[in-house]
Amino acid sequence: MFLFLKSLSRSVHDEEHQQQPELSKTRGGGCCSSGAGGDLCISLTVWRKSLLVTCTGFTVIDCSGNLVYRVDNYMGGRPKELVLMDGKGTSILTMKRCKNLGLINNWVIYGGEVDNYSTSVLSEKPVFYVKKCINILHTNPNVLAYVYRGSSDKRYAYTIEGSYSQRSCKVVDEKKTVVAEIKRKDAMVGGISFDLDVFMLIIKAGFDPGFVMALVLLLDQMFS
């Protein structure tokens, strides 16, 4: 399966390479190219499938077919916790659903792996809070979620805009700068179309791709 996925990654990124001739390898494991504004960005392929047959999850690879991130969800359905791992299986971020029933679509992001008894594995306090936007209460229907650095912060650090169901989203910072994008990619390999199960992550160079992938996981929980 992984060899097939590497073939998929190359086929997707080969087309990107034709459109972006300045492509070059980055230390972060992705492919770096010039974005629309001339800024460098990292490109990753996301497959909405776990490498483990018995799990749901995600597999993220770079343009060379190297495994960058993975998510293996043994519980299925609407889990209370998600763990993002790197290619070696080391937990780098843990996302926990808020326990308050009225805040079921609000999530807390911790660094490392966090068990049910302690939150001090890598970070004693959450690094980010993500809240789903209720459009009926907001004037901008394009906003999907807000990202805060603190639970009591009234000003958000990032907004996520667009449509996750169409795999067309962008992460925007306080200065209205787009730091990451989710883009739909219709891949055809061996006569099989992957439709929305395969898409691209375009991340501004210097921005944490792991954090962006964590946001993708939460969007999937909120809008799938």
Side-chain angles (χ1 to χ4, degrees), residues 1-36 39-53 55-73 82-90 92-93 95 144 160 162-171 178-221 223-224:
M1 181 184 294
F2 188 63
L3 292 177
F4 175 71
L5 187 57
K6 292 181 72 172
S7 175
L8 167 65
S9 174
R10 292 192 180 100
S11 69
V12 171
H13 282 283
D14 283 347
E15 185 175 339
E16 290 290 320
H17 181 81
Q18 293 173 4
Q19 297 174 0
Q20 300 172 337
E22 298 180 8
L23 207 63
S24 62
K25 191 73 177 294
T26 67
R27 290 181 298 174
C31 286
C32 192
S33 60
S34 295
D39 295 329
L40 291 178
C41 54
I42 295 171
S43 176
L44 298 172
T45 298
V46 180
W47 194 19
R48 194 169 175 264
K49 190 175 183 66
S50 169
L51 291 177
L52 302 180
V53 178
C55 296
T56 59
F58 286 80
T59 304
V60 185
I61 48 183
D62 65 15
C63 60
S64 299
N66 298 313
L67 181 62
V68 182
Y69 302 112
R70 62 184 293 178
V71 177
D72 302 317
N73 177 23
L82 296 167
V83 178
L84 177 66
M85 298 178 287
D86 62 17
K88 297 179 180 179
T90 301
I92 57 176
L93 289 172
M95 290 131 279
L144 301 177
I160 308 173
S163 171
Y164 180 72
S165 63
Q166 296 299 316
R167 305 298 188 262
S168 178
C169 305
K170 57 184 179 181
V171 181
V178 177
V179 295
E181 292 183 82
I182 299 172
K183 290 188 176 182
R184 182 172 177 171
K185 192 69 177 179
D186 292 324
M188 183 72 72
V189 179
I192 302 175
S193 176
F194 289 86
D195 298 323
L196 296 175
D197 281 343
V198 176
F199 54 95
M200 304 295 296
L201 272 187
I202 311 298
I203 306 154
K204 185 176 180 180
F207 200 73
D208 183 3
F211 171 59
V212 176
M213 189 57 210
L215 296 181
V216 170
L217 300 181
L218 299 187
L219 288 175
D220 194 72
Q221 287 294 311
F223 298 100
S224 293

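Rounding to the nearest 0.5 angstrom, the gap separating the CZ atom in R70 from the CE atom in M213 is 12.5 Å. Separating the CG atom in L40 from the NZ atom in K204 is a distance of 10.0 Å, to the nearest 0.5 Å. Separation of atoms CD1 (I182) and CG (L215) is listed at 8.0 Å; rounding is to 0.5 Å.
Legend: residues meeting salt bridge (charged side-chain N to carboxylate O under 4.0 Å, His left out) with D86, ordered by chain and number and at least two apart, are absent. For R167, there are no salt bridge (charged side-chain N to carboxylate O under 4.0 Å, His left out) partners, not counting sequence neighbours.
Between D72 and L51 the shortest heavy-atom distance is OD1-N, 4.1 Å. When all heavy atoms of L84 and A214 are compared, the closest pair comes out as CD2-N, 4.2 Å. The two atoms that bring Y69 and I92 nearest to each other are CE2-CD1, 3.5 Å, heavy atoms only. Considering all non-hydrogen atoms of both residues, S64 and D62 come closest at N-OD1, 2.9 Å.
Looking only at distances, no side-chain donor or acceptor of S168 sits under 3.5 Å from a matching main-chain atom of S163. Under a 3.5 Å cut-off, the side chain of S50 and the backbone N or O of L52 do form a donor-acceptor pair.
Counting heavy atoms from C-beta outward, K49 and D197 have side chains that stay 4.5 Å or more apart. Using a 4.5 Å cut-off on side-chain heavy atoms (C-beta onward), P209 and V68 make no contact. Residues S165 and F223 are not in side-chain contact: their nearest non-hydrogen atoms beyond the backbone lie 4.5 Å or more apart. Counting only heavy atoms from C-beta outward, the side chains of V46 and V198 never approach each other to under 4.5 Å. Here the side chains of M200 and T45 are in contact, with some heavy-atom distance below 4.5 Å. Within the 4.5 Å cutoff, the side chain of I203 has no heavy atoms near those of the C41 side chain.
For residues 207-218, the set of pairs meeting the side-chain hydrogen bond (donor to acceptor under 3.5 Å, both in side chains) definition, not counting sequence neighbours, is empty.
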